[in-house]
Amino acid sequence: MSARRPNPNGSEKRMIMSEVRVRFAPSPTGVLHLGGARTALFNYLFARHTGGKFLLRIEDTDRERSTDESTQAIIDAMNWLGMHHDEEIVYQSKRIDAHREALDTLIAQKSVYKCYCTAEDRNKAREKAEAEGGSYIHRCDCRDMETEKEEAFVWRFRMPKEGETVFDDIVQGTITTANREIEDLVVARQDGSPLYNFVVVVDDAFQRVTHVVRGKDHLTNTPKQIQIYQALGLPVPKFAHLPLILGLSKRLRSAGVESYRDQGYLASGLNNYISRLGWSHGDQEIFTFAEIIEKFDLKDVNRSEGSLDMQKMEWVNQQHLQNCDGAMLAELVVPFLAKEGIVVNAADGKLLAAVETMRARAKTLVELAQNMKFYFVADDQLEFDEKARAKFYTETAVTYLQEMAENLAEVSEWTEEAISENVNTYIAQKGIKLKDVAQPSRVALVGRAAGPGLWETMAVLGKESSLKRLTQAKSE
RNA sequence: GGCCCCGUCGUCUAGCGGUUAGGACACCGGCCUUUCACGCCGGCGGCACGGGUUCGAGUCCCGUCGGGGUCACCA
């Protein structure tokens with residue numbers, strides 16, 4: 001068995017001739033985690049890049065584990081990330097008639113047979129096979145039985161016993177499987193309720209999916225599905241199996257996309273980061289969503305699996321924070337400010353200005369909101385970093401701050417230039433350095449020893465607040 | 001265990017027979033500077049191992065080791 005890259009010419013020609021149709025097919029049994037989001041994203045990118053359609057199918061046939069809340073959570077997460085699907089959502093649970101019909105076709109042409117083996121039979125056979133050091137593949141006499149029995153049964157698919165099943169995976173290369181390695185899988189239960197490898201074929205064909213883009217954990221299902229396509233006389237789509245994301249800690253694994261949203265990640269940052277896990281475009285690291293769509297191609301997807309690096313994810317997000325439009329960023333940070341107890345209007349001029357002074361200092365919207373809080377709290381409610389206050393509120397420093405405030409009160413036009421000029425005049429007269437007043441001022445204005453430049457801080461804060469905060473500084 | 005896939009700095013990756021093996025995050029220095037960031041400059045650090053093929057191998061072949069996936073009347 002070998003895996004070589006297929007000659008790309010053949011597949012690209014076909015793509016031009018027929019519209020690309022891809023689908024994301026989650027089962028609604030939980031949140032959309034990063035792995036699922038990436039699978040959805042690669043499908044979406046491929047569809048948009050090629051001008052094709054991005055379909056959504058909810059695989060909710062496992063009624064015990066599927067919930068409507070989960071379906072909604074997945075759709076919400078995708079919307080937030082900007083992955084909007086085309087056409088109507090297909091709910092697998094509503095297609096039982098079509099599944100039944102396909103099963104009837106298989107029964108009629110004897111592509112399936114009734115298997116009466118019980119769970120005990122199979123376990124016994126498996127144990128025996130394992131004891132002999134071999135692998136277990138279900139084989140039994142039911143396949144060739146002439147007469148029917150009045151016993152419980154399942155429908156098994158009649159796999160070819162010889163030959164091999166071959167397909168050219170767009171990312172994994174040519175995959176060849178000996179047919180003797182593929183078991184006669186159960187296609188439906190006695191009551192006709194179909195099983196995964198069968199419905200997925202029927203539904204993908206129904207949605208006229210041209211490219212099945214999914215996680216590599218489905219790789220071994222593919223030859224089984226190809227056999228079913230052929231038995232049903234359906235066109236076999238192209239396959240692209242994406243490398244999995246490794247090294248997800250339990251916490252990271254279970255975290256849904258919305259938890260990253262709540263942690264202050266930007267949708268564009270998250271998309272950028274997860275797209276670069278397994279895909280690259282030369283040395284470029286930062287992409288807008290439009291750029292990823294423009295540059296993404298399945299043939300540039302790696303075969304090797306990668307793992308999450310939260311520090312790099314933060315850095316990528318920070319880059320997007322820097323590049324984000326100001327008005328947009330202001331709007332995005334409003335809910336995070338609200339969590340800090342600050343209520344502001346997104347169009348507030350002060351908010352816009354404040355965002356500009358702080359954006360380079362935050363990796364997430366949560367950080368941005370926390371760092372910006374000081375601009376909006378009441379002057380006498382400002383929270384202080386006690387260590388910073390103890391360090392910089394010396395007796396002389398506090399005196400300087402009083403004098404600075406008195407001088408600044410004279411400034412009529414409250415701009416960065418005027419503020420700067422006024423303070424510089426003061427320190428020149430006083431024969432001191434900016435250093436002597438800078439940190440004490442910052443602590444008085446911001447509450448911490450870190451923050452934007454003094455002039456911009458005061459300009460954004462406004463004259464009244466600035467003077468109040470400088471004046472209220474007291475040594476201890 | 002059978003079958004399949006993968007293996008370039010700690011991490012994400014570029015590389016597609018001839019490169020001083022490039023970039024990014026992180027880390028360590030330095031610069032900038034009113035602090036913290038941003039930014040800029042520099043440093044550390046990698047082709048898993050062993051055989052072949054070839055004038056020449058990170059690139060091709062085989063093996064070993066390591067990692068992952070899959071072996072349901074789940075999806």
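In what follows, every heavy atom counts, from backbone to side chain, and hydrogens, waters and symmetry copies are set aside. Here is how names work: the chains are called A, B, and so on, in the same order as the sequence lines, proteins then strands, and each is numbered from 1.
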(message) Applying ring-ring contact (aromatic ring centres under 6.0 Å, His included), can you list everything that pairs with A:Phe153, at least two apart in sequence or on another chain?
(response) A:Trp155
Where does the angle between the aromatic ring planes of [X] and [Y] fall among parallel (under 30°), tilted (30 to 60°) and perpendicular (over 60°)?
{"X": "A:Phe239", "Y": "A:Tyr229", "answer": "perpendicular"}
{"X": "A:Phe384", "Y": "A:Tyr393", "answer": "perpendicular"}
{"X": "A:Phe287", "Y": "A:His281", "answer": "perpendicular"}

(request) Ignoring the backbone of A:Ala360, work out which of B:A37, B:C12, B:A14 is nearest its side chain. (result)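 Of the options given, the side chain of A:Ala360 lies nearest B:A37.
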(request) Test for a donor-acceptor pair under 3.5 Å between the base of B:C36 and the side chain of A:Arg361, counting only N and O atoms. (result) yes
(request) Spell out yes or no: do the side chain of A:Glu285 and the base of B:G23 have one donor N/O and one acceptor N/O closer than 3.5 Å? (result) yes
Below 3.5 Å between N/O atoms, which protein atoms pair up with nucleotides 41-48 of chain B? Just atom names and distances, please.
none

Integer-rounded Å distance: [N] [atom2] and [X] [atom1]:
{"X": "A:Asp283", "N": "B:G22", "atom1": "CG", "atom2": "P", "value": "11 Å"}
{"X": "A:Asp168", "N": "B:C5", "atom1": "CG", "atom2": "C1'", "value": "16 Å"}
{"X": "A:Leu277", "N": "B:A24", "atom1": "CG", "atom2": "C1'", "value": "13 Å"}
{"X": "A:Asn272", "N": "B:C12", "atom1": "CG", "atom2": "C1'", "value": "12 Å"}
{"X": "A:Leu246", "N": "B:C5", "atom1": "CG", "atom2": "P", "value": "17 Å"}
{"X": "A:Phe392", "N": "B:U34", "atom1": "CZ", "atom2": "P", "value": "14 Å"}
{"X": "A:Glu181", "N": "B:C4", "atom1": "CD", "atom2": "C1'", "value": "10 Å"}
{"X": "A:Arg303", "N": "B:U8", "atom1": "CZ", "atom2": "P", "value": "14 Å"}

(message) Under 4.0 Å, counting only non-hydrogen atoms across every strand here, what does A:Leu434 touch: a base, just sugar-phosphate, or nothing?
(response) base
(message) Any base atoms under 4.0 Å from A:Glu367, or only sugar-phosphate, or nothing? Heavy atoms, all strands.
(response)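 Counting heavy atoms under 4.0 Å across all strands, no contact is made by A:Glu367.
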(message) So if I apply the side-chain hydrogen bond (donor to acceptor under 3.5 Å, both in side chains) rule between A:Arg23 and each of A:Asp204, A:Asp203, A:Asn43, which one comes out positive?
(response)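 Between A:Arg23 and the candidates, side-chain hydrogen bond (donor to acceptor under 3.5 Å, both in side chains) is satisfied uniquely by A:Asp204.
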(request) Write out all pairs satisfying salt bridge (Lys or Arg N to Asp or Glu O under 4.0 Å) with one or both partners inside residues 429-456 of chain A, taking only residues at least two apart or from two chains. (result) A:Glu403-A:Lys430
(request) Examine B:C6: is either OP1 or OP2 under 4.0 Å from a nitrogen or oxygen in the side chain of A:Asn302? Give yes or no. (result)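 Looking at the OP1 and OP2 atoms of B:C6, neither is under 4.0 Å from any side-chain N or O of A:Asn302.
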(request) Check whether any side-chain nitrogen or oxygen of A:Gln319 sits under 4.0 Å from OP1 or OP2 of B:G39, and answer yes or no. (result) yes
Between [M] and [N] - [atom1] atom distance, rounded Å:
{"N": "B:U53", "M": "B:C61", "atom1": "C1'", "value": "7 Å"}
{"N": "B:G51", "M": "B:A24", "atom1": "P", "value": "35 Å"}
{"N": "B:A26", "M": "B:C41", "atom1": "P", "value": "15 Å"}
{"N": "B:A21", "M": "B:G45", "atom1": "P", "value": "14 Å"}
{"N": "B:C27", "M": "B:U34", "atom1": "P", "value": "25 Å"}
{"N": "B:C25", "M": "B:U33", "atom1": "P", "value": "23 Å"}
{"N": "B:C28", "M": "B:U64", "atom1": "P", "value": "42 Å"}
{"N": "B:C49", "M": "B:A57", "atom1": "P", "value": "15 Å"}

Given that both distances must come in under 3.5 Å, which nucleotide forms a Watson-Crick or G-U wobble pair with [N]?
{"N": "B:G29", "value": "B:C41"}
{"N": "B:A14", "value": "none"}
{"N": "B:A21", "value": "none"}
{"N": "B:C71", "value": "B:G1"}

Close side-chain approach of [X] to [Y], heavy-atom, < 4.5 Å:
{"X": "A:Asp300", "Y": "A:Ser280", "answer": "no"}
{"X": "A:Tyr265", "Y": "A:Glu314", "answer": "yes"}
{"X": "A:Val90", "Y": "A:Leu55", "answer": "no"}
{"X": "A:Ser193", "Y": "A:Ile96", "answer": "no"}

Quick test of your reading of the model: are [X] and [Y] salt-bridged, counting only N-O distances below 4.0 Å?
{"X": "A:Arg139", "Y": "A:Glu183", "result": "no"}
{"X": "A:Glu367", "Y": "A:Arg361", "result": "no"}
{"X": "A:Arg180", "Y": "A:Glu164", "result": "no"}
{"X": "A:Glu285", "Y": "A:Arg276", "result": "yes"}
{"X": "A:Asp104", "Y": "A:Arg100", "result": "yes"}

(request) List the protein contact pattern of nucleotides 69-75 of chain B with one symbol per nucleotide (5' to 3'): B for base contact, S for sugar-phosphate-only contact, - for none; contact means a heavy-atom distance under 4.0 Å. (result) BSSSBBB
(message) Among residues 309-318 of chain A, which ones have heavy-atom contacts with RNA chain B below 4.0 Å?
(response)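 Here the set is A:Asp309, A:Gln311, A:Lys312, A:Trp315, A:Gln318.
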(request) Specify the residues of residues 441-456 of chain A, ordered by number, for which at least one heavy atom lies under 4.0 angstrom from an atom of RNA chain B. (result) A:Arg442, A:Ala449, A:Ala450, A:Gly451, A:Pro452, A:Gly453, A:Leu454, A:Trp455
(request) Give a yes or no on whether A:Glu421 atom CD has more than 12 heavy-atom contacts from other residues, nucleotides or ligands under 6.0 Å away. (result) no
